[in-house]
Amino acid sequence: MLDDHRTSNAGDDAKDSGLGASDDTLMLLAGKGDDRAYAQLVDRHLDRTLAFAQRVLSSRPEAEDVLQEAFLRVWKKAPTWTNDGARFSTWFYRVVLNLCIDRKRKPSHAALPDDFEFADNSPIADAQLEETQASELVEKALAVLPDRQREAVVLCYYQGLSNKEAAEILSVRVKALESLLVRARKNLLVLLEGVRGEVLGDAR
Amino acid sequence: MTTDRTRELFEAYGADPARWPKEEASMAAKKGVSAGSGAGELDEARVDAARLDSLLNLYTVSPAEMPLRASVLAVRDSAVDVRDVARINRPEQRRRRFWDLSGGLAVALRGAFPQLFGLALASMLGFMVGATDMLPIHDHGISVDASGLVLGEDGLGSFDS
């Protein structure tokens with residue numbers, strides 16, 4: 001079906017680009033200068049990939065910068081887009097992930113967050129945790145995971161991707177992905193052990 | 001599906017079989033394994049997985065706001081601008097455009113208004129001679145029709161015919 005669009009229906013789709021069109025079709029139309037097709041791609045993928053980048057980077061402003069750069073690459077890629085058997089979303093996740101990795105290589109990401117507390121009797125553990133505080137706590141726990149573990153959890157758990165697609169994005173086998181996931185979740189449990197009672201008191 | 005594999009699924013994907021690989025999720029459903037059900041020896045793995053799921057679910061991210069969407073779309077426009085500016089500002093193209101334009105204008109002017117063309121050319125030559133002071137003729141009080149240097153012996157008279 002995607003190939004049918006690519007060869008014969010692109011011009012027709014340009015009339016009502018958007019609703020119902022596949023990502024591949026929208027890329028093809030965007031490559032021909034169709035602004036609405038490009039805008040539709042933005043609407044379709046911005047929120048999800050922004051959440052992905054934010055969870056990988058632990059920073060909203062940096063995630064927004066990454067998404068601007070990522071969509072610029074979409075626009076530049078569109079005129080020569082060929083899916084080559086890969087889905088647009090998989091390709092785009094890779095683009096975003098690589099940009100995130102580049103960001104994390106910068107010095108500001110070299111150190112762990114200064115204010116992160118492991119399980120102990122720190123004020124944050126004893127405090128009455130509001131929802132936002134709990135969210136920030138989990139964010140910080142994710143931030144201290146090794147990069148690959150964090151990426152695996154974000155892709156599979158938060159983004160809800162299949163194990164095959166997540167493995168493809170991370171360029172690993174499914175078995176290796178599962179190993180990353182198991183280690184990530186064990187680490188998260190340890191990291192959050194001290195506050196689990198406080199947080200899960202409401203969350204259970 | 002073995003007990004060990006089911007435990008691995010809990011540990012990797014969480015307590016909810018809806019998050020598991022599809023084939024194994026349906027196999028688990030047939031065996032009666034679910035997020036809420038007791039699974040005997042797998043109870044501990046399931047409870048731990050459910051606890052962590054509950055924690056992870058607390059981490060929420062707000063959707064993109066309109067300014068971000070607008071700037072993402074604007075980035076596309078700036079990409080077009082950059083491409084155009086780069087093409088226009090290429091020096092050799094800029095020079096070529098100037099001479100193409102100048103040459104075309106000169107031919108058109110000479111054809112339509114030969115006298116005006118001659119006057120313009122003479123003015124330009126006069127300016128060049130005056131500005132550079134390359135010809136010492138002025139120093140000796142000799143007057144010369146400098147256009148002859150370019151237009152031949154007839155000088156400006158060549159446009160009268």
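Lettering follows sequence order; numbering is per chain, from 1. These numbers were taken from a predicted model, which means no experiment stands behind them.
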Handout entry: Any donor-acceptor N or O pair under 3.5 Å, side chains A/E136, B/Y59
Key = no

Problem - Engaged part of B/R69 at the chain A interface, taking heavy atoms whose separation is under 4.5 Å - result: both

Handout entry: chain A contact via B/A18 - which portion, at a heavy-atom distance below 4.5 Å
Key = neither

Practice task
Could you tell me whether the side chain of A/T49 and the main chain of A/F52 form a donor-acceptor pair under 3.5 Å?
Solution key: no

Handout entry: Note, A/E178 side chain near B/Y13 side chain (heavy atom, < 4.5 Å)
Key = yes

Problem - Sub-4.5 Å side-chain heavy-atom contact between A/L99 and A/R73 - result: yes

Handout entry: Heavy-atom proximity to chain B below 4.5 Å, by part of A/R55
Key = both

